[in-house]
Asks: 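Please see the structure below; I have some questions.
Scope of the values below: all heavy atoms of this structure, side chains included, with no hydrogens, waters or symmetry mates. None of the values given here were measured: they were computed from a predicted structure.
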Amino acid sequence: GPQSFHIYTGKDDSWIRIKEGDDKGQLNAKGDTKTVEVSLVTDNIGVFSAYIYIDNLANPFDRKYIRVTIEVVMEHVSALQAPGDKDTEWFSVLIPEWFASVDRLG
């Protein structure tokens, strides 16, 4: 039958955000997929690492872990943007399925 799930990050991982509404849902059959929008905040220079947790609400022992790491090496300044202007351009990064890895802990 249908499986409900919850997706979340650690409370101290403010640099990674899951779009509201994408953080929970239901899969109706085995093999179903769901697109989840994740935003990475690049306001600070440095290396950041966190886990995204996916809990199967029907089975508390069925938790999936996705490790996310980002290295911010410089602030983005567009050629048309005045330095210090915080209205940055938006862009998308698509990660091929074969490249993404899922860590299974425990």
Asks: About how many Å separate OG of Ser49 and CZ of Arg67, when rounded to the nearest 0.5 Å?
Replies: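 Answer rounded to 0.5 Å: 6.5 Å.
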
Asks: Which residues satisfy the ring-ring contact (aromatic ring centres under 6.0 Å, His included) test with Phe48, sequence neighbours excluded?
Replies: Trp15

Asks: On a heavy-atom basis, which atom in Phe5 and which in Gln26 lie closest, and how many Å separate them?
Replies: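 That closest heavy-atom pairing would be CE2-N, 3.4 Å.
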
Asks: Rounded to the nearest 0.5 Å, what separation is found between the NZ atom of Lys64 and the CD1 atom of Ile52?
Replies: 15.0 Å

Asks: Salt bridge (Lys or Arg N to Asp or Glu O under 4.0 Å) with Asp22: which residues, sequence neighbours excluded?
Replies: Lys34

Asks: Go through the steps for Val38 and Ile16 under the test side chain to side chain contact (heavy atoms under 4.5 Å, CB included), then give the verdict.
Replies: CA-CA 7 Å; Val38 177; Ile16 185 169; 3.7 Å; yes

Asks: Is there a side-chain contact between Val73 and Ile45 in this structure, where contact means two heavy atoms from C-beta onward sitting under 4.5 Å apart?
Replies: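 Side chain of Val73 against side chain of Ile45, heavy atoms only: no contact under 4.5 Å found.
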
Asks: Measure the OG1-CG distance between Thr9 and Asp23 for me, rounded to the nearest 0.5 Å.
Replies: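 CG of Asp23 is found 10.0 Å from OG1 of Thr9.
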
Asks: Between OG of Ser4 and CG of Asp55, what distance do you get to the nearest 0.5 Å?
Replies: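 Those atoms lie 12.0 Å apart.
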
Asks: Quick check for you: to the nearest 0.5 Å, what is the distance between Leu40 atom CG and Thr42 atom OG1?
Replies: 8.5 Å

Asks: Walk me through whether Ile70 and Val47 qualify under side chain to side chain contact (heavy atoms under 4.5 Å, CB included).
Replies: CA-CA 6 Å; Ile70 185 172; Val47 177; over 6 Å; no

Asks: Under the side-chain hydrogen bond (donor to acceptor under 3.5 Å, both in side chains) test, which residues partner Thr33, sequence neighbours left out?
Replies: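 side-chain hydrogen bond (donor to acceptor under 3.5 Å, both in side chains) list for Thr33, sorted by chain: empty.
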
Asks: Measure the NZ-OG1 distance between Lys19 and Thr35 for me, rounded to the nearest 0.5 Å.
Replies: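 If we round to the nearest 0.5 Å, Lys19:NZ and Thr35:OG1 are 10.5 Å apart.
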
Asks: By the salt bridge (charged side-chain N to carboxylate O under 4.0 Å, His left out) test, which pairs, at least two apart or in different chains, include something from residues 2-15?
Replies: none

Asks: Do Leu57 and Ile18 belong to the same hydrophobic cluster, where Ile, Leu, Val, Met, Phe, Trp and Tyr are linked whenever their side-chain heavy atoms lie under 4.5 Å apart, directly or via other members?
Replies: no

Asks: Of all residues at least two apart in sequence or in a different chain, which pass the side-chain hydrogen bond (donor to acceptor under 3.5 Å, both in side chains) check with Asp32?
Replies: none

Asks: Taking all heavy atoms of Ser14 and all of Val41, pick out the closest pair and write down the distance.
Replies: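 Taking Ser14 first and Val41 second, the nearest heavy atoms are O-CG2, 4.0 Å.
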
Asks: Of all residues at least two apart in sequence or in a different chain, which pass the side chain to side chain contact (heavy atoms under 4.5 Å, CB included) check with Asn56?
Replies: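 For Asn56 the side chain to side chain contact (heavy atoms under 4.5 Å, CB included) partners, ignoring immediate neighbours, are Gln3, Ala58, Asn59, Asp62.
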
